[in-house]
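These numbers come from the heavy atoms of this one structure, side chains and all, not from hydrogens, waters or symmetry mates. Every chain is numbered from 1, with letters handed out A, B, ... down the list of sequences.
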There are 2 protein chains.
Amino acid sequence: MLKELPLIETQLEASFEKYEKKFKALADKKRLQIMNILTEQGSTCVCDLVPIVGMPQSKLSYHLKILLDADIIIKETKGTWSYYEINMKEVNHILSEELCCLFKPANS
Amino acid sequence: MLKELPLIETQLEASFEKYEKKFKALADKKRLQIMNILTEQGSTCVCDLVPIVGMPQSKLSYHLKILLDADIIIKETKGTWSYYEINMKEVNHILSEELCCLFKPANS
DNA sequence: CTCTTAAATCAATTATACTTGATCTTATCA
DNA sequence: TGATAAGATCAAGTATAATTGATTTAAGAG
């Protein structure tokens with residue numbers, strides 16, 4: 001029989017797991033670079049992203065999926081193109097204003 | 001000869017590396033639990049932390065070091081005891097107010 | 001239907017990170 | 001000085017994550 005935790009503890013555990021996933025997604029400089037580019041460029045398709053970030057397409061897809069699964073970016077498919085953009089609402093919920101600035105162009 | 005990047009790019013790269021390290025430190029539910037306990041209890045020594053977090057001492061030391069190296073917690077040694085506490089200033093610089101609440105007791 | 005292009009997925013490799021138990025270091029106290 | 005207790009570190013094993021190149025899927029265009 002499993003030990004039952006008080007509600008407050010199970011809620012906390014669930015929060016920790018949720019944020020673990022989000023922080024894992026953020027814990028990679030290449031993904032931070034992708035986020036920075038998406039914030040500067042707005043919605044961008046993968047084929048345009050490849051030359052900008054300078055990584056092979058399969059690698060980029062891999063990192064985009066991690067950000068997408070963590071709800072940090074949003075995907076919109078148009079025909080054979082996939083457009084990705086920052087999920088600003090979510091990012092603002094997680095990061096400080098100071099840090100959100102990292103993902104905004106200097107002149108904004 | 002190395003390609004020279006514009007200053008703005010090298011600065012961004014440096015930022016990405018800095019935050020990669022901090023997010024990596026945050027990207028683990030056990031470390032989030034440790035942070036939560038430290039925030040609730042305030043400065044706490046390792047020997048008191050062991051039974052609370054329920055992990056072997058060497059494992060706890062390992063995770064505390066990762067948080068310490070990322071400047072997310074602060075260490076103070078008193079004799080043979082090591083007291084750790086949250087570096088609230090740093091945490092507030094990184095995380096949203098909403099998220100900082102995760103690390104505060106419900107009644108504060 | 002066939003060809004092309006965009007993008008996702010797969011399998012195999014490589015690289016990091018975490019866990020474990022033992023050992024080492026240092027401070028305190030008898 | 002010798003014993004003890006706190007906590008850091010180490011080495012070996014295990015588990016995850018990232019990289020790579022090839023393959024697959026699906027949407028046009030002709």
Short side-chain N/O contact from A/Lys59 to OP1 or OP2 of D/dT20, under 4.0 Å: yes

Go through C/dT9, D/dA17, D/dG7 for me and flag the one nearest to the A/Ser58 side chain. C/dT9

Does A/Lys24 have a side-chain nitrogen or oxygen under 4.0 Å from the phosphate oxygens OP1 or OP2 of C/dA17? no

For the side chain of B/Lys30, counting heavy atoms from C-beta on, which of D/dT19, D/dG7, C/dT19 is nearest? C/dT19

Base, sugar-phosphate or nothing for B/Ser82? Non-hydrogen atoms, less than 4.0 Å. sugar-phosphate

For atom CD of B/Glu76 and atom C1' of D/dA6, their distance in whole Å: 16 Å

Taking the side chain from A/Ser43 and the backbone from A/Glu85, do they hold a donor-acceptor pair closer than 3.5 Å? no

Could you tell me the separation between the CG atom of A/Leu26 and the P atom of D/dA18, rounded to a whole number of Å? 12 Å

Nearest to the side chain of B/Arg31 - D/dA17, D/dA8, C/dC18? C/dC18

Basic-acidic side-chain contact under 4.0 Å: B/Lys24, B/Glu20: yes

Any donor-acceptor pair under 3.5 Å from A/Ser15 side chain to A/Glu13 backbone: no

Quickly work out the B/Met55 CE to C/dT19 C1' distance and round it to whole Å. 11 Å

So, A/Thr44 side chain and A/Gly42 main chain: donor-acceptor pair closer than 3.5 Å or not? yes

Any donor-acceptor pair, under 3.5 Å, between the side chain of A/Gln57 and the base of C/dA6, if you only look at N and O atoms? no

Which residue lies toward the 5' end of DNA chain D, A/Ala27 or A/Trp81, if each is placed at its nearest nucleotide? A/Ala27

Length of the CG-P vector between B/Leu60 and D/dA8, whole Å: 8 Å

If I take atom NZ in residue A/Lys29 and atom C1' in nucleotide C/dT16, what distance separates them, rounded to the nearest angstrom? 13 Å

With respect to the phosphate group of D/dA8, does any side-chain polar atom (N or O) of B/Tyr84 fall under 4.0 Å of OP1 or OP2? yes

At what distance, to the nearest 0.5 angstrom, does CZ of A/Phe23 lie from CG of B/Leu32? 6.5 Å

Does a nitrogen or oxygen in the side chain of B/Lys75 sit under 4.0 Å from OP1 or OP2 of D/dA8? yes

Please determine if a side-chain N or O atom of B/Ser61 lies less than 4.0 Å away from the OP1 or OP2 oxygen of D/dA8. yes

Whole-Å distance, A/Tyr62 OH to C/dT13 P, equals 18 Å

Just call it for B/Thr77: base, sugar-phosphate, or nothing, with non-hydrogen atoms closer than 4.0 Å on any strand. nothing

When rounded to whole Å, the CG to P distance for the pair A/Leu64 and C/dA7 reads 10 Å

Whole angstrom is fine here: how far is it from CG in B/Asp48 over to P in D/dG7? 8 Å

Are OP1 or OP2 of C/dT19 and a side-chain N or O of B/His63 less than 4.0 angstrom apart? yes

Contact summary for B/Ile86 and B/Met35, nearest pair of heavy atoms: CD1-O, 3.6 Å

Answer with base, sugar-phosphate or nothing: what part of the nucleic acid does B/Ile66 contact at a heavy-atom distance below 4.0 Å? sugar-phosphate

